[in-house]
Undergrad: 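Just passing along the structure, written as structure tokens.
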2 protein chains.
Amino acid sequence: MTGGPGPPTLEQVAALAGVSRATVSRVVNGSPKVSPAVRAQVERAVAKLGYVPNRAARSLVTRRADSVALVVSEPHARFFSEPFFAGMVRGVSAALAETGVQLLLLIAQDLPDRGWLERYVVGGHVDGVLLASLHGDDPLPGTLERAGVPAVLIGRPVDQAAPGSYVDADNRGGAGKAVGHLARRGRRRIATITGSLDMGVGQDRLEGYRDGLAAAGLAGAGELVETGDFTEEGGAAAMGRLLERPGDPVDAVFAASDLMAAGALRALRAAGRRVPEEVAVVGFEDSAVARYAQPPLTTVRQPIEEMGRQATRLLLAQVAGEAGGMHLILDTELVVRASA
Amino acid sequence: MTGGPGPPTLEQVAALAGVSRATVSRVVNGSPKVSPAVRAQVERAVAKLGYVPNRAARSLVTRRADSVALVVSEPHARFFSEPFFAGMVRGVSAALAETGVQLLLLIAQDLPDRGWLERYVVGGHVDGVLLASLHGDDPLPGTLERAGVPAVLIGRPVDQAAPGSYVDADNRGGAGKAVGHLARRGRRRIATITGSLDMGVGQDRLEGYRDGLAAAGLAGAGELVETGDFTEEGGAAAMGRLLERPGDPVDAVFAASDLMAAGALRALRAAGRRVPEEVAVVGFEDSAVARYAQPPLTTVRQPIEEMGRQATRLLLAQVAGEAGGMHLILDTELVVRASA
DNA sequence: CCGATTTGTGAGAGCGCTCTCTCAGCAGGA
DNA sequence: TCCTGCTGAGAGAGCGCTCTCACAAATCGG
């Protein structure tokens, strides 16, 4: 509108306000070393021109990108279901909104190659990285750690001794709650369908199951554990194996994900077992699947959005120079519906 | 590693390869005017140093941001369910991956204020904008259009005469298919539960319903239309109203979303009506809800991921200077399950 | 075999910003 | 009156890159 073509520059603001570029820069960045009169003058010019600082130019000299990457590791992304993804993004976005930091979304699968991300990120194109990957042996966290790039995992790494920060739901506690609920309802032959055991989530939910059994005094009763893979198919198959087991029939199942619980429901229906009368079923996550399953699933809700938010806070703190290595575990909540 | 601290620069690559900055730049940007020998030389140096161009510096001079924004307009986001969101993001990301363009995710709700986005975007900080907003009277498309910022809508605007490009599913055709399917199964009292009629999707699916009835020769039979709002509650309420209607009972329902179909299922169950024996139900979207509903929903699948991909292609073409104003309608597919 | 291209490469400016350094202006102590 | 100390503002360099322009070397018709 005023001056040359394209968006207004610092230079133009300076000219309009009758001061130097440096002074405008000081005002824009909130430096205290500007007299009130000049500050007001500059602010008027900024408003009049609709000036917005050029991010690229600023980044170039400050060597900050003012943006963080959210790296989603496909194909593992399918393990955390779509609502998980959406909720997480929402939380991250909300936390970033307050700061001026931008969210860059990187789907690992779509990246040019392994190493690209690493080079990209280490090359200073983002200030920090959120890793939404539950995958166990992913070398990326280690690489980032070594390169000194701030990073926060959403979902703990398999190797708990690994350095670096993470945010996770209290998977173990949540699983314990689920089993406790089943025990309180009088169930005695409580089985579990685990997730992939090469992931932190899978391990923790299994541990929680054992905790729950122990707390209910049911620990001695022989292990009713079948391994799934977080998918519906896997859940159905595992449920099938549980049904074929000799001895007293299972009267409750804790599945480590809603999807597997849905699979279990299907297998139970196929076998003619009534839910919850004959077999109670509990899932984990409180996704859409849980709400619309028939019967609706009792499940453990994890605060996905809050996880995204907290991970972002942790990351920004690290970017600002605060210490890393934080482990934040968020509470889960049992949501009781018809299936148990 | 080599040279100063921080990531390697063009300068360092040039020094290592024994050429000028300009030549390295040419190689990096794939200019044909470089001899093979020199090119190889430079490429070796790039590889050795692990050089990645500094985006900020490049943007500064080219005046391209090499990034596009995906603006998701909350609270309307809840209308397109979470799987919709995830699928769309995946498609967009996949299409961008081939180019070097970055994806910036902006949740409208989280933005500082109205006008910020406008200034930000018009200020040249992104090359284009994808608008995933089905909301009718959003002024943003118009603003962008006027500012000459490339933009593509995902989901057509209410005002079909509005300028600008969009990508959408063939909502009308899909709805027609759904109704045709019901008619072919011998249903004669086919009702519909519409979505919000102030959105393109809602309108189109209602039109498609009417098309379907007309094609089946059922058009004269009085309108069995109830208005919903894309939510499960709305679907259940609308189904309730349909059940209370005097005259012959409804023997089929086409709901304009899976969520509303799930609500209808609930209302039917509550009323003791068997699905599909007494009342057949068809949804729209093929979301997780459809797969896990009881009975599993027959529904119309829309190629969400493909929509994201195509919208991105359109946007990039526009950014490259090709004409806008394209309207791309993608085919839908009837997915037959147990509910109809 | 010489001027007129064509082709590959380098020199250098400058994108919009931040930040250091310098300096003008003024107050206060000797 | 001069020096010192401080504060607010400007001059100018330079971040890493692209791109125009100039230019040397290779190519070629007459």
Side-chain angles (χ1 to χ4, degrees), chain A residues 2-43 45-46 49-66 100 119-120 122-125 127, chain B residues 2-43 45-46 49-67 100 119-120 123-125 127:
Chain A
T2 320
T9 69
L10 247 204
E11 188 85 48
Q12 296 171 23
V13 176
L16 181 63
V19 297
S20 70
R21 282 202 323 278
T23 299
V24 178
S25 175
R26 278 187 272 258
V27 171
V28 169
N29 294 291
S31 157
K33 318 227 106 204
V34 182
S35 67
V38 174
R39 174 180 304 277
Q41 180 80 354
V42 170
E43 275 163 356
V46 165
L49 295 177
Y51 171 74
V52 183
N54 181 315
R55 249 192 150 71
R58 179 179 280 176
S59 280
L60 187 56
V61 40
T62 60
R63 304 173 148 290
R64 276 179 293 106
D66 279 334
R119 264 177 286 122
Y120 183 83
V122 172
H125 300 313
D127 299 326
Chain B
T2 320
T9 69
L10 247 204
E11 189 84 48
Q12 294 172 24
V13 176
L16 182 62
V19 297
S20 72
R21 280 201 326 276
T23 300
V24 177
S25 177
R26 278 188 270 260
V27 171
V28 169
N29 293 292
S31 157
K33 321 224 105 206
V34 181
S35 67
V38 173
R39 176 181 302 280
Q41 181 79 352
V42 170
E43 275 163 356
V46 165
L49 294 177
Y51 170 74
V52 182
N54 180 316
R55 248 191 150 73
R58 178 179 281 176
S59 281
L60 187 55
V61 41
T62 60
R63 305 173 146 290
R64 276 179 292 106
D66 279 333
S67 63
R119 262 177 287 123
Y120 184 82
H125 299 313
D127 299 325

Undergrad: Could you list the residues that satisfy side-chain contact (heavy atoms from CB on, under 4.5 Å) with B:A45, not counting sequence neighbours?
TA: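 Testing B:A45 for side-chain contact (heavy atoms from CB on, under 4.5 Å), a comparison that skips the adjacent residues, returns B:V13, B:L16, B:A17.
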Undergrad: With A:R63, which residues qualify under side-chain contact (heavy atoms from CB on, under 4.5 Å), at least two apart?
TA: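 Scan of A:R63 (side-chain contact (heavy atoms from CB on, under 4.5 Å), adjacent residues dropped) gives none.
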Undergrad: Closer to the 5' end of DNA chain C via nearest nucleotide, is it A:L60 or B:R39?
TA: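 So the residue in question is B:R39.
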Undergrad: Distance under 4.0 Å to a non-hydrogen atom of chain A counts as contact; along DNA chain D, which nucleotides mark the start and end?
TA: D:dG8 to D:dG16
Undergrad: Who pairs with B:V52 by side-chain contact (heavy atoms from CB on, under 4.5 Å), at least two apart in sequence or on another chain?
TA: A:R119, A:H125
Undergrad: Between the main-chain N or O of A:R64 and the side-chain N or O of A:D127, is there a donor-acceptor pair closer than 3.5 Å?
TA: no
Undergrad: Is there a residue in residues 17-28 of chain A whose heavy atoms reach under 4.0 Å of DNA chain D, and which residues are they?
TA: A:V19, A:S20, A:R21, A:A22, A:T23, A:R26
Undergrad: Please enumerate all residues that pass salt bridge (Lys or Arg N to Asp or Glu O under 4.0 Å) together with B:R55, with sequence neighbours excluded.
TA: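 Partners of B:R55 by the salt bridge (Lys or Arg N to Asp or Glu O under 4.0 Å) criterion come out as none, since no residue qualifies.
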Undergrad: Using side-chain hydrogen bond (donor to acceptor under 3.5 Å, both in side chains) as the criterion, list what pairs up with A:S25, not counting sequence neighbours.
TA: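 A:S25 satisfies side-chain hydrogen bond (donor to acceptor under 3.5 Å, both in side chains) with A:N29 only.
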Undergrad: Keeping to residues at least two apart or across chains, list the salt bridge (charged side-chain N to carboxylate O under 4.0 Å, His left out) pairs with something in residues 28-41 of chain B.
TA: none
Undergrad: End-to-end bend of the helix from C:dC1-D:dG30 to C:dA30-D:dT1 (five-pair axes, 10° rounding)?
TA: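 For the helix from C:dC1-D:dG30 to C:dA30-D:dT1, the axes at opposite ends meet at about 50°.
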Undergrad: Identify, with sequence neighbours excluded, every residue that meets salt bridge (Lys or Arg N to Asp or Glu O under 4.0 Å) alongside A:R21.
TA: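 Checked A:R21 against salt bridge (Lys or Arg N to Asp or Glu O under 4.0 Å); matches are A:E11.
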Undergrad: Using a heavy-atom distance cut-off of less than 4.0 Å, which residues of residues 30-38 of chain B contact DNA chain C?
TA: B:K33, B:V34, B:S35, B:V38
Undergrad: Using every non-hydrogen atom in the two residues, find where A:A56 and B:L60 come nearest and quote the distance to one decimal.
TA: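 Nearest pair, atom of A:A56 first, then B:L60: CB-N, 4.0 Å.
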Undergrad: Can you confirm whether B:Q41 sits close enough to B:V46 that some side-chain heavy atom of one is under 4.5 Å from a side-chain heavy atom of the other?
TA: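 Result no, sub-4.5 Å side-chain heavy-atom pair not found.
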Undergrad: Under a 4.5 Å cut-off applied to non-hydrogen side-chain atoms, are B:V38 and B:V19 in contact?
TA: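 Heavy-atom side-chain distance check passes, below 4.5 Å.
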Undergrad: List for me each residue that meets side-chain contact (heavy atoms from CB on, under 4.5 Å) alongside A:R26, sequence neighbours excluded, and say none if there are none.
TA: A:A22, A:T23, A:S31, A:V34
